[in-house]
2 protein chains.
Amino acid sequence: MFKPLDPLLHSELRLAIISLLIGLQEADFVFLKEKTKATSGNLSVQLDKLRDAAYIEINKSFKGKIPRTTCKITPQGIAAFQSYIDALQSYLNPQ
Amino acid sequence: MFKPLDPLLHSELRLAIISLLIGLQEADFVFLKEKTKATSGNLSVQLDKLRDAAYIEINKSFKGKIPRTTCKITPQGIAAFQSYIDALQSYLNPQ
DNA sequence: AAATTTGGTTTATAATATAAACTACTTTAT
DNA sequence: ATAAAGTAGTTTATATTATAAACCAAATTT
(Lines give C-alpha, C1' and ligand atoms only; values in the text may rest on other atoms or scores of the structure.)
Protein backbone atom coordinates (compact mmCIF):
# COMPACT_ATOMS: atom_id res chain seq x y z
CA MET A 1 0.00 0.00 0.00
CA PHE A 2 2.44 2.70 1.17
CA LYS A 3 6.02 2.46 0.03
CA PRO A 4 8.57 3.55 2.63
CA LEU A 5 9.99 7.02 2.05
CA ASP A 6 13.78 7.15 2.13
CA PRO A 7 14.31 9.08 5.37
CA LEU A 8 17.39 10.72 3.92
CA LEU A 9 15.39 12.40 1.21
CA HIS A 10 12.30 12.95 3.33
CA SER A 11 13.70 16.16 4.73
CA GLU A 12 12.78 19.55 3.41
CA LEU A 13 16.33 20.82 3.06
CA ARG A 14 17.90 17.63 1.76
CA LEU A 15 15.10 17.25 -0.76
CA ALA A 16 15.66 20.81 -1.92
CA ILE A 17 19.39 20.21 -2.27
CA ILE A 18 18.88 17.06 -4.32
CA SER A 19 16.21 18.78 -6.42
CA LEU A 20 18.68 21.48 -7.33
CA LEU A 21 21.53 19.11 -8.01
CA ILE A 22 19.35 16.91 -10.22
CA GLY A 23 18.95 19.78 -12.64
CA LEU A 24 22.55 21.02 -12.45
CA GLN A 25 25.91 19.53 -13.20
CA GLU A 26 27.45 21.17 -10.12
CA ALA A 27 26.53 23.72 -7.49
CA ASP A 28 28.54 25.36 -4.77
CA PHE A 29 27.77 25.95 -1.12
CA VAL A 30 26.90 29.61 -1.55
CA PHE A 31 24.55 28.92 -4.44
CA LEU A 32 22.77 26.16 -2.52
CA LYS A 33 22.51 28.38 0.53
CA GLU A 34 20.90 31.19 -1.45
CA LYS A 35 18.47 28.96 -3.31
CA THR A 36 17.37 26.95 -0.29
CA LYS A 37 17.42 29.87 2.20
CA ALA A 38 19.09 27.51 4.66
CA THR A 39 21.47 28.64 7.37
CA SER A 40 25.11 27.74 6.79
CA GLY A 41 25.17 25.36 9.72
CA ASN A 42 22.13 23.44 8.63
CA LEU A 43 23.34 23.28 5.04
CA SER A 44 26.75 22.04 6.13
CA VAL A 45 25.24 19.26 8.23
CA GLN A 46 22.75 18.14 5.60
CA LEU A 47 25.36 18.11 2.83
CA ASP A 48 27.50 15.84 4.99
CA LYS A 49 24.60 13.45 5.46
CA LEU A 50 24.00 13.30 1.72
CA ARG A 51 27.69 12.71 1.12
CA ASP A 52 27.84 10.00 3.80
CA ALA A 53 25.05 8.22 1.93
CA ALA A 54 26.97 8.70 -1.33
CA TYR A 55 24.06 10.65 -2.79
CA ILE A 56 26.40 13.54 -3.55
CA GLU A 57 30.12 14.22 -3.84
CA ILE A 58 31.64 17.21 -2.13
CA ASN A 59 34.73 18.88 -3.47
CA LYS A 60 36.74 21.51 -1.68
CA SER A 61 39.03 23.90 -3.49
CA PHE A 62 40.01 27.55 -3.61
CA LYS A 63 38.71 30.20 -5.95
CA GLY A 64 41.70 32.55 -5.63
CA LYS A 65 42.06 32.97 -1.89
CA ILE A 66 38.50 32.08 -1.05
CA PRO A 67 37.50 28.53 -0.17
CA ARG A 68 34.91 26.93 -2.40
CA THR A 69 32.80 23.87 -1.74
CA THR A 70 31.13 22.31 -4.76
CA CYS A 71 28.57 19.53 -4.79
CA LYS A 72 27.60 17.06 -7.45
CA ILE A 73 24.91 14.40 -7.43
CA THR A 74 25.99 10.78 -7.89
CA PRO A 75 24.21 8.01 -9.79
CA GLN A 76 23.05 6.66 -6.41
CA GLY A 77 21.63 10.06 -5.60
CA ILE A 78 19.73 10.19 -8.86
CA ALA A 79 18.37 6.69 -8.29
CA ALA A 80 17.32 7.56 -4.74
CA PHE A 81 15.47 10.64 -5.94
CA GLN A 82 13.62 8.60 -8.56
CA SER A 83 12.58 6.04 -5.94
CA TYR A 84 11.49 8.77 -3.59
CA ILE A 85 9.19 10.30 -6.19
CA ASP A 86 7.89 6.86 -7.02
CA ALA A 87 7.16 6.12 -3.36
CA LEU A 88 5.44 9.48 -2.93
CA GLN A 89 2.96 8.43 -5.58
CA SER A 90 1.72 5.73 -3.24
CA TYR A 91 0.74 8.42 -0.73
CA LEU A 92 -0.76 10.84 -3.19
CA ASN A 93 -2.77 8.18 -4.99
CA PRO A 94 -3.24 5.27 -2.59
CA GLN A 95 -5.10 2.14 -3.75
CA MET B 1 11.58 28.67 -5.46
CA PHE B 2 10.79 26.06 -2.82
CA LYS B 3 7.50 26.29 -1.03
CA PRO B 4 7.62 25.31 2.63
CA LEU B 5 6.28 21.85 3.36
CA ASP B 6 3.70 21.77 6.15
CA PRO B 7 5.69 19.97 8.85
CA LEU B 8 2.55 18.33 10.12
CA LEU B 9 2.01 16.51 6.86
CA HIS B 10 5.69 16.00 6.11
CA SER B 11 5.78 12.87 8.21
CA GLU B 12 5.50 9.42 6.72
CA LEU B 13 2.82 8.18 9.09
CA ARG B 14 0.73 11.35 9.22
CA LEU B 15 0.85 11.62 5.44
CA ALA B 16 -0.32 8.01 5.15
CA ILE B 17 -3.17 8.67 7.59
CA ILE B 18 -4.33 11.74 5.69
CA SER B 19 -3.97 9.92 2.37
CA LEU B 20 -6.30 7.21 3.61
CA LEU B 21 -8.80 9.61 5.12
CA ILE B 22 -8.92 11.70 1.94
CA GLY B 23 -10.33 8.73 0.08
CA LEU B 24 -12.65 7.54 2.83
CA GLN B 25 -15.54 9.04 4.68
CA GLU B 26 -14.37 7.53 7.96
CA ALA B 27 -11.81 5.07 9.20
CA ASP B 28 -11.22 3.54 12.60
CA PHE B 29 -8.04 3.09 14.61
CA VAL B 30 -7.69 -0.60 13.81
CA PHE B 31 -8.17 -0.04 10.08
CA LEU B 32 -5.60 2.75 10.04
CA LYS B 33 -3.19 0.64 12.04
CA GLU B 34 -3.45 -2.25 9.59
CA LYS B 35 -3.14 -0.12 6.48
CA THR B 36 -0.24 1.98 7.73
CA LYS B 37 1.56 -0.86 9.59
CA ALA B 38 2.13 1.58 12.43
CA THR B 39 2.43 0.57 16.05
CA SER B 40 -0.54 1.52 18.24
CA GLY B 41 1.50 3.98 20.25
CA ASN B 42 2.83 5.82 17.26
CA LEU B 43 -0.59 5.89 15.62
CA SER B 44 -2.20 7.21 18.79
CA VAL B 45 0.31 10.04 19.08
CA GLN B 46 0.14 11.04 15.42
CA LEU B 47 -3.66 11.01 15.35
CA ASP B 48 -3.65 13.37 18.31
CA LYS B 49 -1.33 15.74 16.49
CA LEU B 50 -3.57 15.76 13.44
CA ARG B 51 -6.58 16.38 15.65
CA ASP B 52 -4.80 19.17 17.54
CA ALA B 53 -4.23 20.86 14.17
CA ALA B 54 -7.91 20.30 13.32
CA TYR B 55 -6.92 18.26 10.27
CA ILE B 56 -9.04 15.38 11.53
CA GLU B 57 -11.81 14.75 14.01
CA ILE B 58 -11.59 11.84 16.40
CA ASN B 59 -14.68 10.18 17.72
CA LYS B 60 -14.76 7.63 20.50
CA SER B 61 -17.62 5.23 20.95
CA PHE B 62 -18.36 1.59 21.63
CA LYS B 63 -19.10 -1.12 19.11
CA GLY B 64 -20.99 -3.36 21.50
CA LYS B 65 -18.63 -3.72 24.42
CA ILE B 66 -15.49 -2.87 22.50
CA PRO B 67 -14.16 0.67 22.29
CA ARG B 68 -13.94 2.17 18.85
CA THR B 69 -12.03 5.23 17.72
CA THR B 70 -13.05 6.65 14.37
CA CYS B 71 -11.34 9.39 12.40
CA LYS B 72 -12.63 11.75 9.79
CA ILE B 73 -10.79 14.36 7.78
CA THR B 74 -11.93 17.99 8.13
CA PRO B 75 -12.12 20.67 5.44
CA GLN B 76 -8.89 22.13 6.91
CA GLY B 77 -7.27 18.71 6.55
CA ILE B 78 -8.32 18.47 2.93
CA ALA B 79 -6.99 21.95 2.22
CA ALA B 80 -3.69 21.20 3.96
CA PHE B 81 -3.25 18.05 1.89
CA GLN B 82 -3.87 19.98 -1.31
CA SER B 83 -1.29 22.60 -0.32
CA TYR B 84 1.19 19.92 0.60
CA ILE B 85 0.92 18.29 -2.81
CA ASP B 86 1.19 21.69 -4.42
CA ALA B 87 4.33 22.54 -2.44
CA LEU B 88 5.86 19.18 -3.30
CA GLN B 89 5.64 20.11 -6.95
CA SER B 90 8.15 22.88 -6.29
CA TYR B 91 10.68 20.26 -5.18
CA LEU B 92 9.98 17.72 -7.89
CA ASN B 93 10.06 20.32 -10.66
CA PRO B 94 12.07 23.29 -9.43
CA GLN B 95 12.48 26.33 -11.65
C1' DA C 1 -10.01 -18.13 37.21
C1' DA C 2 -5.84 -17.61 34.74
C1' DA C 3 -4.00 -16.44 30.28
C1' DT C 4 -4.53 -14.04 26.09
C1' DT C 5 -6.42 -10.61 23.05
C1' DT C 6 -8.28 -6.05 21.88
C1' DG C 7 -7.92 -1.26 21.80
C1' DG C 8 -5.79 1.81 23.03
C1' DT C 9 -2.55 5.72 26.18
C1' DT C 10 1.55 7.28 28.49
C1' DT C 11 6.29 7.66 29.06
C1' DA C 12 11.00 7.09 27.81
C1' DT C 13 14.47 7.01 24.29
C1' DA C 14 16.48 7.63 19.86
C1' DA C 15 16.85 10.28 15.79
C1' DT C 16 16.47 14.68 13.37
C1' DA C 17 16.45 19.46 12.48
C1' DT C 18 17.89 23.83 13.64
C1' DA C 19 20.21 27.63 15.54
C1' DA C 20 23.92 29.63 18.00
C1' DA C 21 28.61 29.92 18.68
C1' DC C 22 32.94 29.40 16.86
C1' DT C 23 37.04 29.05 13.39
C1' DA C 24 39.86 30.69 9.83
C1' DC C 25 40.58 33.40 6.96
C1' DT C 26 39.97 38.08 3.50
C1' DT C 27 38.64 42.66 2.51
C1' DT C 28 37.83 47.33 3.65
C1' DA C 29 38.16 51.37 6.37
C1' DT C 30 40.90 54.32 9.75
C1' DA D 1 49.33 48.72 10.76
C1' DT D 2 45.32 47.62 12.89
C1' DA D 3 40.61 47.26 13.82
C1' DA D 4 36.05 46.23 11.98
C1' DA D 5 33.31 43.82 8.96
C1' DG D 6 32.49 40.22 5.62
C1' DT D 7 32.95 35.36 3.56
C1' DA D 8 32.78 30.51 3.90
C1' DG D 9 32.15 27.46 6.28
C1' DT D 10 32.24 23.74 10.91
C1' DT D 11 31.11 22.31 15.49
C1' DT D 12 28.28 22.01 19.31
C1' DA D 13 24.18 22.58 21.87
C1' DT D 14 19.24 22.61 22.00
C1' DA D 15 14.64 21.93 20.55
C1' DT D 16 11.54 19.09 18.02
C1' DT D 17 9.97 14.78 16.23
C1' DA D 18 9.45 9.95 15.66
C1' DT D 19 9.35 5.62 17.57
C1' DA D 20 9.19 1.93 20.68
C1' DA D 21 8.48 0.02 25.08
C1' DA D 22 5.75 -0.28 28.95
C1' DC D 23 1.51 0.09 30.70
C1' DC D 24 -3.81 0.06 31.45
C1' DA D 25 -8.65 -1.48 31.29
C1' DA D 26 -11.82 -4.34 29.66
C1' DA D 27 -13.19 -8.46 26.89
C1' DT D 28 -12.52 -13.08 25.34
C1' DT D 29 -10.69 -17.62 25.34
C1' DT D 30 -8.95 -21.90 27.53
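Labels below follow one simple rule: chain letters A, B, ... track the order of the sequence lines, proteins then strands, and each chain is numbered from 1.
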Sugar-phosphate only, base, or nothing, as touched by [X] at under 4.0 Å among non-hydrogen atoms:
X: Glu12(B); value: nothing
X: Lys63(A); value: nothing
X: Lys33(B); value: nothing

Whole angstrom is fine here: how far is it from [atom1] in [X] over to [atom2] in [N]?
X: Leu8(A); N: dA15(C); atom1: CG; atom2: P; value: 14 Å
X: Asp48(B); N: dA18(D); atom1: CG; atom2: C1'; value: 14 Å
X: Phe62(A); N: dT7(D); atom1: CZ; atom2: C1'; value: 12 Å
X: Asp52(A); N: dT10(D); atom1: CG; atom2: P; value: 12 Å
X: Leu47(B); N: dA18(D); atom1: CG; atom2: P; value: 13 Å
X: Leu32(B); N: dG8(C); atom1: CG; atom2: P; value: 10 Å
X: Arg68(A); N: dG9(D); atom1: CZ; atom2: P; value: 9 Å
X: Leu50(A); N: dT16(C); atom1: CG; atom2: C1'; value: 14 Å

> Can you tell which of Gln76(A), Arg51(A), Lys49(A), Arg14(A) makes a side-chain contact (heavy atoms from CB on, under 4.5 Å) with Ile56(A)?
Replying inline: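 Of all the options given, the one that passes is Arg51(A).
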Only residue of Leu9(A), Ile78(A), Ile73(A) satisfying side-chain contact (heavy atoms from CB on, under 4.5 Å) with Tyr55(A) is Leu9(A)
| query | With nearest nucleotides of DNA chain C determined for Val30(B) and Ser40(A) from heavy-atom distances, which residue corresponds to the more 5′ nucleotide? | reply |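 It is Val30(B) whose nearest nucleotide is closer to the 5' end.
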Practice item. Name the residue closer to the 5' end of DNA chain C, choosing between Pro7(A) and Gly41(A) according to the nucleotide with the nearest heavy atom. Key: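 With Pro7(A) and Gly41(A) compared, the 5'-side residue is Pro7(A).
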For [N] and [X] - does any side-chain N or O of the residue sit under 4.0 Å from the phosphate oxygens OP1/OP2?
X: Arg14(B); N: dT17(D); answer: no
X: Ser44(B); N: dT9(C); answer: yes
X: Thr39(B); N: dT19(D); answer: no
X: Lys65(A); N: dT7(D); answer: no
X: Lys37(B); N: dT19(D); answer: no
X: Thr69(B); N: dG7(C); answer: no

Closest approach to the side chain of [X], judged atom by atom: which nucleotide of [options] is it?
X: Lys49(A); options: dA8(D), dT16(C), dT9(C); answer: dT16(C)
X: Asn42(A); options: dA18(D), dA8(D), dT18(C); answer: dT18(C)
X: Gln46(B); options: dT19(D), dT9(C), dA8(D); answer: dT19(D)
X: Val45(B); options: dT11(C), dG7(C), dA18(D); answer: dT11(C)

Modelled atom types, side-chain donor and acceptor of Thr69(B) and Lys60(B), under 3.5 Å: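 Result is yes, a qualifying pair exists.
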Exercise for review: Check whether the side chains of Gln82(B) and Asp86(B) place a donor and an acceptor atom closer than 3.5 Å, and report yes or no.
Suggested key: no
Q.
Parallel, tilted or perpendicular: which one describes the rings of His10(B) and His10(A), with boundaries at 30° and 60°?
A. parallel
message = Reading DNA chain D from 5' onward, which residue's closest nucleotide shows up sooner: Asp28(A) or Pro67(B)?
response =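 So the residue in question is Asp28(A).
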- Message: Using the rule that Ile, Leu, Val, Met, Phe, Trp and Tyr join whenever any side-chain heavy atoms are under 4.5 Å apart, tell me whether Leu24(B) and Phe29(B) fall into a single cluster.
- Response: yes
